[in-house]
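Only one structure is covered here, and it is reproduced in the block below.
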2 protein chains.
Amino acid sequence: MHGSGRFTPETAAQVRAAIDRLGFRPNVLARQLVQQRSTTVGVVVGALDNPIYAELVMQFELEAAKHGFHAMFCNTQGDENAELAGLGSYLDYRSAGVLFVSHPPGWIKARQMIEGRIPAVFVTCDSDWGDVVRCDDETGGRIAAEHLIGLGHRRLAYFGDTVDDASNRDRRHGFEHVVRTAGLTPTVVTWNRYRAFDRDRQAQEAIADGITAIFTTDDYGAIELLEAADRLHVDVPADLSIVGFDDVIMSGLGRIGLTTVRQPKRLLAETALVTLIERIKRGPDSPPIRQTVPVELVIRASTAPPKHLTQTQFRLS
Amino acid sequence: MHGSGRFTPETAAQVRAAIDRLGFRPNVLARQLVQQRSTTVGVVVGALDNPIYAELVMQFELEAAKHGFHAMFCNTQGDENAELAGLGSYLDYRSAGVLFVSHPPGWIKARQMIEGRIPAVFVTCDSDWGDVVRCDDETGGRIAAEHLIGLGHRRLAYFGDTVDDASNRDRRHGFEHVVRTAGLTPTVVTWNRYRAFDRDRQAQEAIADGITAIFTTDDYGAIELLEAADRLHVDVPADLSIVGFDDVIMSGLGRIGLTTVRQPKRLLAETALVTLIERIKRGPDSPPIRQTVPVELVIRASTAPPKHLTQTQFRLS
DNA sequence: GTGAAAGCGCTAACAC
DNA sequence: GTGTTAGCGCTTTCAC
């Protein structure tokens with residue numbers, strides 16, 4: 001039935017009819033057992049209710065299906081044990097690969113479990129053992145800074161996540177580099193996304209300190225900041241410009257209107273799958289593959305020249 | 001190793017050590033092949049980038065993991081063939097169950113494929129053959145109407161999706177019932193979520209028609225409507241009150257502030273999994289299980305008394 | 001080119 | 001109780 005062999009057309013037709021009639025479906029478990037390879041790919045994600053992950057994970061599945069793979073997934077919720085349990089089950093299923101969407105909370109043990117057994121590709125985050133597909137985070141930070149400085153801002157801040165992984169670090173470095181090159185000194189603040197009170201205080205301090213523009217490490221943080229600004233009656237963008245990173249769908253809503261650095265989600269997913277397939281082909285011993293995809297600045301309503309500039313212009317006119 | 005049998009403690013320790021050393025993991029495929037049952041559950045979802053689905057699907061996986069199941073998923077994107085392909089692979093994997101998160105686009109063929117083979121539970125939508133777990137849509141529509149009428153609105157509209165499935169229908173019925181009982185006549189408009197231009201026109205017509213309050217069949221639509229209102233410079237809630245349905249995380253943002261009927265996502269997922277397990281236990285021939293979970297009105301900034309009322313109050317004072 | 005047979009890794013049933 | 005064996009549903013190899 002599977003390609004080879006030749007039968008009389010009527011036999012083939014009969015068989016096909018029987019298949020349809022009985023609804024026969026080959027048992028994937030049996031096939032994969034004997035073939036010693038599976039079409040399952042495991043996706044490990046922090047939490048699907050974070051829009052950027054949901055968008056990425058959706059693209060993964062779409063791409064996986066396109067290549068004949070079947071997607072499994074688990075939400076780690078930032079919990080190491082949940083992650084290891086998920087990875088364990090991918091091991092048990094003899095998955096063809098695992099896709100990490102965010103920096104694994106239990107990365108040491110995760111490595112012990114997976115390395116050399118299942119091809120792993122890290123998307124949107126870094127790794128010193130698996131393959132990695134990332135966007136050009138450094139450039140992202142740079143264009144954010146260039147945009148803000150171009151608008152006339154002189155007092156700039158970077159608001160970063162408590163987990164300072166390679167992606168966040170590169171975004172910050174790109175940003176800091178441009179700011180320093182312009183002869184300015186960026187303020188760097190780390191804020192805990194789980195503590196609303198602290199966030200408000202930190203936002204307020206930055207503003208009291210004369211900061212007029214903030215680059216955050218992701219849209220999630222940027223939107224939190226927007227909320228904090230609203231609560232503090234700080235006008236965005238008149239009193240404060242904000243640039244995010246990711247470009248989640250939400251950021252494009254009129255009411256949010258976040259200027260941000262767009263990650264090409266579809267392309268990230270395509271590249272991730274192609275990388276995975278390449279890795280399967282090359283085997284575990286060939287050197288790690290590292291891919292970078294470009295980013296793009298999307299200008300919306302959350303950025304504008306700082307107020308003192310607009311006032312000056314007003315006085316001049 | 002699996003519970004029964006007794007060995008000397010040292011043998012057990014040796015074996016365990018060997019397992020750890022070699023990283024042995026039982027092959028799930030082999031086990032499930034011989035046991036004739038699997039721990040895979042398939043989730044079929046429209047598109048994960050719709051927040052309500054992402055939130056639900058995340059809860060499914062969390063619940064599934066809690067019960068020892070492993071989640072696979074596929075995005076149908078509203079495409080019948082994509083859905084059938086996904087269902088096919090769940091069949092091939094001999095999945096323990098399939099969870100439908102939205103009304104299946106290819107429901108006739110879907111039924112033919114799945115019914116009698118894999119337990120199916122429909123969450124947030126209806127079905128005349130599988131088990132269903134839904135929230136109390138009718139009551140949801142009612143409390144939305146009661147809230148708006150209680151605020152003093154007299155000209156009310158329901159904005160429904162083009163797919164008028166059982167959930168949408170019940171929400172509308174509940175809404176209409178209360179409105180009519182109050183001696184009023186609701187306007188019903190069906191809008192196509194894929195055509196922004198039409199939506200703006202329809203929103204404008206409703207407002208021109210004197211509508212002061214709209215209940216939409218989901219938050220997605222409500223937020224679209226909010227956007228349309230902003231574009232048309234219609235003030236929400238002063239000129240127009242809006243009530244959604246779902247309570248996605250986004251709706252709780254200060255800038256969105258959508259009054260909405262909350263679906264208890266976690267509870268829906270818990271109930272769905274319990275129902276699935278019950279179905280597996282009972283076998284395919286026992287009658288369908290239907291479960292309902294309660295909803296709750298969440299009042300935010302998108303609803304207020306209609307302007308003529310506020311003006312009257314102003315004149316009176 | 002076609003059919004029979006071996007075996008993938010595991011579990012369950014059955015003698016010992 | 002413990003060891004052995006059959007067999008889950010496929011694919012692949014190897015005679016014919």
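Keep in mind that the numbers below use all heavy atoms, side chains included, and drop hydrogens, waters and symmetry copies. Naming convention: chains lettered A, B, ... in sequence-line order (proteins, then strands); numbering from 1 in each chain.
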Measure from [atom1] on [X] to [atom2] on [N] and round the result to the nearest Å.
{"X": "B/Arg94", "N": "D/dC10", "atom1": "CZ", "atom2": "C1'", "answer": "11 Å"}
{"X": "A/Leu33", "N": "D/dT12", "atom1": "CG", "atom2": "C1'", "answer": "13 Å"}
{"X": "A/Asp92", "N": "C/dT11", "atom1": "CG", "atom2": "C1'", "answer": "16 Å"}
{"X": "A/Leu29", "N": "D/dT11", "atom1": "CG", "atom2": "C1'", "answer": "15 Å"}
{"X": "B/Asn27", "N": "C/dG9", "atom1": "CG", "atom2": "C1'", "answer": "6 Å"}
{"X": "A/Leu91", "N": "C/dG9", "atom1": "CG", "atom2": "C1'", "answer": "15 Å"}

[X]: which residues meet the salt bridge (Lys or Arg N to Asp or Glu O under 4.0 Å) condition with it, sequence neighbours left out?
{"X": "B/Asp164", "value": "B/Arg172"}
{"X": "B/Asp218", "value": "B/Arg193"}
{"X": "A/Asp165", "value": "none"}

Looking only at side-chain atoms of [X], point me to the closest of [options].
{"X": "A/Phe24", "options": "C/dG9, D/dC10, C/dC10", "result": "D/dC10"}
{"X": "B/Gln36", "options": "D/dG9, D/dC10, C/dA12", "result": "D/dG9"}
{"X": "B/Gln35", "options": "C/dA12, C/dG7, C/dC10", "result": "C/dA12"}

Applied to residues 36-47 of chain B, the salt bridge (charged side-chain N to carboxylate O under 4.0 Å, His left out) test, sequence neighbours excluded, yields none

Distance test, side-chain N/O of B/Gln32 to OP1/OP2 of C/dC10, below 4.0 Å | no

Assess the side chains of B/Asn168 and B/Thr217: does a donor N or O sit below 3.5 Å from an acceptor N or O?
-> yes

Note down the inter-axis angle between the two ends of the helix from C/dG1-D/dC16 to C/dC16-D/dG1, five pairs each, to the nearest 10°.
-> 50°

Look at all strands and tell whether A/Arg37 reaches a base, only sugar-phosphate, or nothing, counting heavy atoms closer than 4.0 Å.
-> nothing

Contacts of B/Pro51 that satisfy side chain to side chain contact (heavy atoms under 4.5 Å, CB included) - sequence neighbours left out = B/Glu55, B/Val248, B/Met250

Close side-chain approach of B/Pro104 to B/Val44, heavy-atom, < 4.5 Å | no

